[in-house]
Amino acid sequence: MEAFDTLTVEPPQSVATEKPTLLIVDDEAGPRESLRIVFKDSYNCVTAKCGRDGIEYARTHAIDAAILDIKMPDLSGVDVLRELKEIDANIECVMLTGYETIETARAAVRYGAADYLNKPFDVFSVREVLNKCMQRRQGRLAAEESLRSLQQTNEELSQELTQLNRAVEAGVLSAGVV
């Protein structure tokens with residue numbers, strides 16, 4: 001039995017047009033497949049029918065966003081959210097539920113869910129929420145890359161300054177000898 005036998009993965013796109021990866025975790029086939037169909041043109045969609053399989057997939061593959069059902073037999077969507085955020089804090093997660101409670105909404109927010117939507121979901125609303133999530137993710141990743149670039153430039157300038165200071169000190173010592 002293959003480890004990911006409950007996952008469905010869309011065929012990968014060419015590297016030049018690589019799409020972000022969306023993980024859809026829901027124990028109900030209807031909503032899971034509906035979401036896959038809605039987003040298949042914009043995302044590489046990966047579906048899992050239980051929380052454990054979704055988490056296991058995220059441990060070995062990069063995930064950009066996830067749509068998680070709150071109530072599943074093995075793990076709650078909040079548990080899956082918490083695990084995904086430990087794997088990669090930048091994964092944008094949208095919670096989807098037919099059993100809305102204040103407790104689950106608070107827990108979802110506490111662990112970093114981007115939004116909390118009800119089933120049956122409105123396609124327009126889910127698309128809008130996921131688009132905002134991806135914009136936020138892209139902005140955060142761009143900011144992190146800019147910070148890394150600035151840190152590298154700062155390190156390079158510090159090294160150059162150290163070399164210039166050594167050259168100046170050598171010049172001063174040479175002048176003193178002469």
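- Distance CZ/R140 to CD/E145: 15.0 Å, rounded to 0.5 Å.
- A 4.5 Å side-chain heavy-atom check between D26 and K49 finds every atom pair outside the cut-off.
- Considering CD of Q138 and CD of E92, their distance stands at 10.0 Å, rounded to 0.5 Å.
- Residues S76 and I70 form no side-chain contact, since every pair of their non-hydrogen atoms from C-beta on lies 4.5 Å or further apart.
- Using a 4.5 Å heavy-atom threshold, the side chains of V94 and C133 count as touching.
- At least one donor-acceptor pair under 3.5 Å links the side chain of K19 to the backbone N or O of K40.
- In terms of heavy atoms, A107 sits closest to V78 at CB-CG1, 3.7 Å.
- Smallest separation of non-hydrogen atoms from P73 and D27: CD-OD2, 3.4 Å.
- The same ILVMFWY cluster, assembled from side-chain heavy atoms under 4.5 Å apart, contains both M72 and I87.
- Contact record, L68 with G77: CD1-O, 3.8 Å, taken as the closest heavy-atom pair.
- Rounding to the nearest 0.5 Å gives a distance of 11.5 Å between CG of N131 and CZ of R136.
- The stretch residues 60-71 participates, sequence neighbours left out, in these salt bridge (Lys or Arg N to Asp or Glu O under 4.0 Å) pairs: D64-R137, D69-K119.
- Side-chain contact between V46 and L22 is absent, with no heavy atoms from C-beta onward closer than 4.5 Å.
- In this structure, CD on E86 lies 9.0 Å from CD1 on I55, to the nearest 0.5 angstrom.
- A 4.5 Å side-chain heavy-atom check between L81 and D79 finds every atom pair outside the cut-off.
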I would like to know whether M95 and D115 meet side-chain contact (heavy atoms from CB on, under 4.5 Å); could you show each step before the answer? CA-CA 6 Å; M95 309 308 288; D115 213 325; over 6 Å; no

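- No more than 12 heavy atoms of other residues, nucleotides or ligands shown are found within 6.0 angstrom of CZ on R106.
- Both V123 and I24 are part of a single hydrophobic cluster, where members link through side-chain heavy atoms under 4.5 Å apart.
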Checking side-chain contact (heavy atoms from CB on, under 4.5 Å) for the pair H61/E56: CA distance, chi angles, key distance, verdict? CA-CA 9 Å; H61 300 83; E56 192 60 35; over 6 Å; no

For the pair Y111 and C93, evaluate side-chain contact (heavy atoms from CB on, under 4.5 Å) and give the outcome as yes or no after the intermediate values. CA-CA 10 Å; Y111 290 116; C93 297; over 6 Å; no

Acceptor/donor pairs from residues 157-166 side chains to any protein atom, 3.5 angstrom cut, sequence neighbours excluded:
unit_1 : atom_1 : unit_2 : atom_2 : d
S158   : OG     : N154   : O      : 3.0
T162   : OG1    : S158   : O      : 2.9

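- The OG atom of S42 sits 10.0 Å away from atom CE of M134, with the distance rounded to the nearest 0.5 Å.
- In terms of heavy-atom proximity, C50 sits nearest to D74 at CB-OD2, 3.4 Å.
- One distance of note links CG of L23 with CG of L35; it measures 11.5 Å at 0.5 Å rounding.
- Salt-bridge formation is detected for the pair E128/K132: a Lys NZ or Arg NE/NH1/NH2 atom is positioned less than 4.0 Å from an Asp or Glu carboxylate oxygen.
- Residues R52 and E83 are not in side-chain contact: their nearest non-hydrogen atoms beyond the backbone lie 4.5 Å or more apart.
- Residue pairs satisfying the ring-ring contact (aromatic ring centres under 6.0 Å, His included) criterion with at least one member in residues 18-40, sequence neighbours excluded, are listed as follows: F39-Y43.
- You'll find the side chain of I63 stays beyond 4.5 Å of the side chain of L84, heavy atoms only.
- Between I67 and V126, the closest side-chain pair of non-hydrogen atoms falls below 4.5 Å.
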